[in-house]
Enquirer: 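To start, I am sharing the structure in question, which I have written as structure tokens.
Chain identifiers are assigned alphabetically (A, B, ...) following the order of the sequence lines, protein sequences preceding nucleic acid strands; residue numbering begins at 1 within each chain.
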Amino acid sequence: MIDPRLLRDDPDRLRAAQAKRGLSADVVDEAQAADERRRSAIVEFERLRGEQKGLGRQISRATGEERQALLDRTKTLAAEVRTAESAQAEAEAAYRACLMRIPNPAAEAAPAGGEDDYVVLEEVGTPATFDFEPRDHVELGRMLGAIDIDRGAKVSGARFYYLTGVGADLELALVTMAMDQARAAGFTPMIPPTLVKPRAMEGTGFLGQAADDVYRVEGEDLYLVGTSEVPLAAYHSDEILDARTLPRRYAAFSPCFRKEAGSYGKDTRGIIRVHWFDKVEMFSYTTLEESEAEHQWLLGQERAWLDKLELAYRVIDTAAGDLGLSAQRKFDCEAWIPTQGRYRELTSTSNCTDFQARRLDIRGRFPDGVGVQPLATLNGTLVAIPRTIVAILETHQQADGSVRVPSALQPYLQGREVLEPVVG
RNA sequence: GGAGGUGUCGCCUAGUGGCCUAUGGCGCCCGCCUGCUAAGCGGGUUGAGGGUUACCCCCUCUCGCGGGUUCAAAUCCCGCCACCUCCGCCA
């Protein structure tokens, strides 16, 4: 949720922010009108309620005829209070619904425009070249006995897969290595629940237009999360954290579930786009002032990770129109995928400023008269397993179908330096 | 799933219809005192919203959540949720 003061004090900034994302500003006008209605409803209710309380105090002291007269008066007043109260509740709800529809204004520095208007900040490493015809990850996965897509489809349907043999080893190795990096960087390791209540989903901004992509459990008020950002953000919901304990950093390993609605026909081959995958996600709670620096720091963690895997990648600054509802700025790290001849997103880090914190009531207590303020939340991928496996297999493949293991990963793969094709 | 119990401010706690405008302690903040430290003394300390706005100030809501009874609810009634104990089931 945006800062309500912004709506009151500088609505034109919100209108400009909507334009930068390529959205209509109508919702800003609606929210302003709803705010007016809400405030007059509050004034009316409080006037009546104050009168009622005053009479109540007199009644407790009065006796006899005087008391009876007061009682008669308050009977009608009680009904008026009730009406005014429900009118106020209605106006509050309508106002809040308007506010919830307004996305986080993009950062000043974020590029304007849509999906294709990103800015490339940096290219790291050299895209791999081969003196043989490179195989794609599907073929490599089959040769190594690492990925079984056919049986994934047989058992669970399209966009499902098994990681088998060395493929399963690879996941465990990547997860352990990522968790080691996170722990060393000061993150608290977490294994969160991946079924969550609507509050957590809505609070992180995944129930608006994004709801189509979310699995809901039939007959229960629960959702399968598409990222552990959701349970990590909701972890401190309704809490007031001591500002001296900031930043709080968590790194979670969890499965992620995505319907991938609206992506029919996209990435149908292989495991680039799947309904389920495992991921290690970084999450930070900090102050608004520190959030930009924290964002860069998270990006640094992602880059250090990709460097260790010896991948070629670029960093892009996502345009405003391609930001999620909650994000104020987003950097993606995209790795070079040789057989696709282009960069594909491997990690993504977003600064959600106080947007999620306001929805989830996550606040900090600050000294020196600052008092209680909403915190900033940030998230970033450390490793999303399938796409990372794709990048590793395709980048480090050799002519015979074997795959070189980056040296940093070798200790996590029982010291193997090369993954060899299996027979049969 | 069944039976019983509990839910009050960051933590513990008093409070069985009306000066509850919620008690006390711990912790925390400010000040005083004190060679240092500790102790002691005094004051402050739930959060949200509205009016007014430089500040002060005033008002409303907030006792797990939501309804109800009543002129009036932390307090009485109903439903839900969470936790604890026991039983059942189960990796």
Enquirer: So does A:Q414 have more than 12 non-hydrogen atoms from other groups sitting under 6.0 Å from CD?
Expert: yes
Enquirer: Measuring only the P atom in each nucleotide, how far is B:G47 from B:C56? A whole number of Å is fine.
Expert: 16 Å
Enquirer: Does B:C9 have a Watson-Crick or wobble mate here (both distances under 3.5 Å), and if so which one?
Expert: none
Enquirer: What is the distance, to the nearest angstrom, from the OH atom on A:Y95 to the C1' atom on B:G49?
Expert: 10 Å
Enquirer: Whole-Å distance between B:G47 P and A:R363 CZ?
Expert: 8 Å
Enquirer: Taking the side chain of A:R39 as its heavy atoms from C-beta onward, which of B:C61, B:C59, B:G51 lies nearest to it?
Expert: B:G51
Enquirer: Taking pairing as Watson-Crick or G-U wobble with both contacts under 3.5 Å, can you name the mate of B:A3, or confirm there isn't one?
Expert: B:U85
Enquirer: In whole angstrom, give me the gap between the C1' atoms of B:U75 and B:U70.
Expert: 13 Å
Enquirer: Distance check needed: B:G47 C1' versus A:D238 CG, whole Å only.
Expert: 12 Å
Enquirer: Please report the distance, rounded to the nearest Å, between CD1 in A:I42 and C1' in B:A48.
Expert: 11 Å
Enquirer: Are there over 12 heavy-atom neighbours, none belonging to A:E292, within less than 6.0 Å of that residue's CD?
Expert: no
Enquirer: Using the P atom in both, what is the distance from B:C65 to B:C11, to the nearest Å?
Expert: 14 Å
Enquirer: Evaluate whether atom CD of A:E90 has more than 12 neighbouring non-hydrogen atoms of other residues, nucleotides or ligands under 6.0 angstrom away.
Expert: no
Enquirer: When you compare B:A39 with B:G24, how far apart are their P atoms, in angstrom units rounded to a whole number?
Expert: 22 Å
Enquirer: Name the residue closer to the 5' end of RNA chain B, choosing between A:V372 and A:F45 according to the nucleotide with the nearest heavy atom.
Expert: A:V372
Enquirer: Under 4.0 Å between a side-chain nitrogen and a carboxylate oxygen: does that hold for A:R249 and A:E294?
Expert: yes
Enquirer: Could you tell me how far B:U69 sits from B:A82 if I compare only their P atoms? Round to whole Å.
Expert: 28 Å
Enquirer: C1' atom, B:U13 versus B:U8: distance in rounded Å?
Expert: 9 Å
Enquirer: Which whole number of Å gives the distance between the C1' atom of B:C63 and that of B:C9?
Expert: 9 Å
Enquirer: Tell me whether A:R5 is salt-bridged to A:D9, with the criterion being a basic N under 4.0 Å from an acidic carboxylate O.
Expert: no
Enquirer: With a non-hydrogen cut-off below 4.0 angstrom, is A:R47 in contact with a base, only sugar-phosphate, or nothing?
Expert: nothing
Enquirer: With both distances kept under 3.5 Å, what pairs with B:G18, Watson-Crick or G-U wobble?
Expert: B:C71
Enquirer: Using whole Å, report how far CZ of A:R96 lies from P of B:G49.
Expert: 11 Å
Enquirer: Whole Å only: how far is the CD atom of A:E46 from the C1' atom of B:U62?
Expert: 13 Å
Enquirer: Verify the contact: side-chain N or O of A:R365 to OP1 or OP2 of B:G47, cut-off strictly under 4.0 Å; return yes or no.
Expert: yes
Enquirer: If we call it a pair only when both distances are under 3.5 Å in a Watson-Crick or G-U wobble match, what pairs with B:C80?
Expert: B:G64
Enquirer: When you get a sec, tell me which of B:G47, B:C29, B:G50 is the closest nucleotide to the side chain of A:R244?
Expert: B:C29
Enquirer: Suppose we call two aromatic rings close when their centres sit under 6.0 Å apart. Are A:Y250 and A:H236 close by that rule?
Expert: yes
Enquirer: Once you round it to whole Å, what is the distance between C1' of B:C28 and CG of A:L241?
Expert: 16 Å
Enquirer: NA contact type, A:R8, heavy-atom cut-off 4.0 Å: base, sugar-phosphate, or nothing?
Expert: sugar-phosphate
Enquirer: Can you see whether A:Y95 has A:R38 sitting over its ring - NZ or CZ less than 6.0 Å from the centre and within 45° of the normal?
Expert: yes
Enquirer: Of A:D3, A:T377, A:L325, which is the lone residue that meets side-chain contact (heavy atoms from CB on, under 4.5 Å) with A:F355?
Expert: A:L325
Enquirer: To the nearest angstrom, how far is A:L375 atom CG from B:G47 atom C1'?
Expert: 15 Å
Enquirer: Who does B:U52 pair with, Watson-Crick or G-U, both distances under 3.5 Å?
Expert: none
Enquirer: Give me the distance, rounded to whole Å, that separates B:C81 from B:C29 when you measure between the C1' atoms they each carry.
Expert: 35 Å
Enquirer: Let me have a per-nucleotide readout for nucleotides 71-84 of chain B, 5' to 3', with B, S or -, counting only protein heavy atoms under 4.0 Å.
Expert: BS------------
Enquirer: Is it the case that over 12 heavy atoms from other parts of the model lie below 6.0 angstrom from the OH atom of A:Y118?
Expert: no
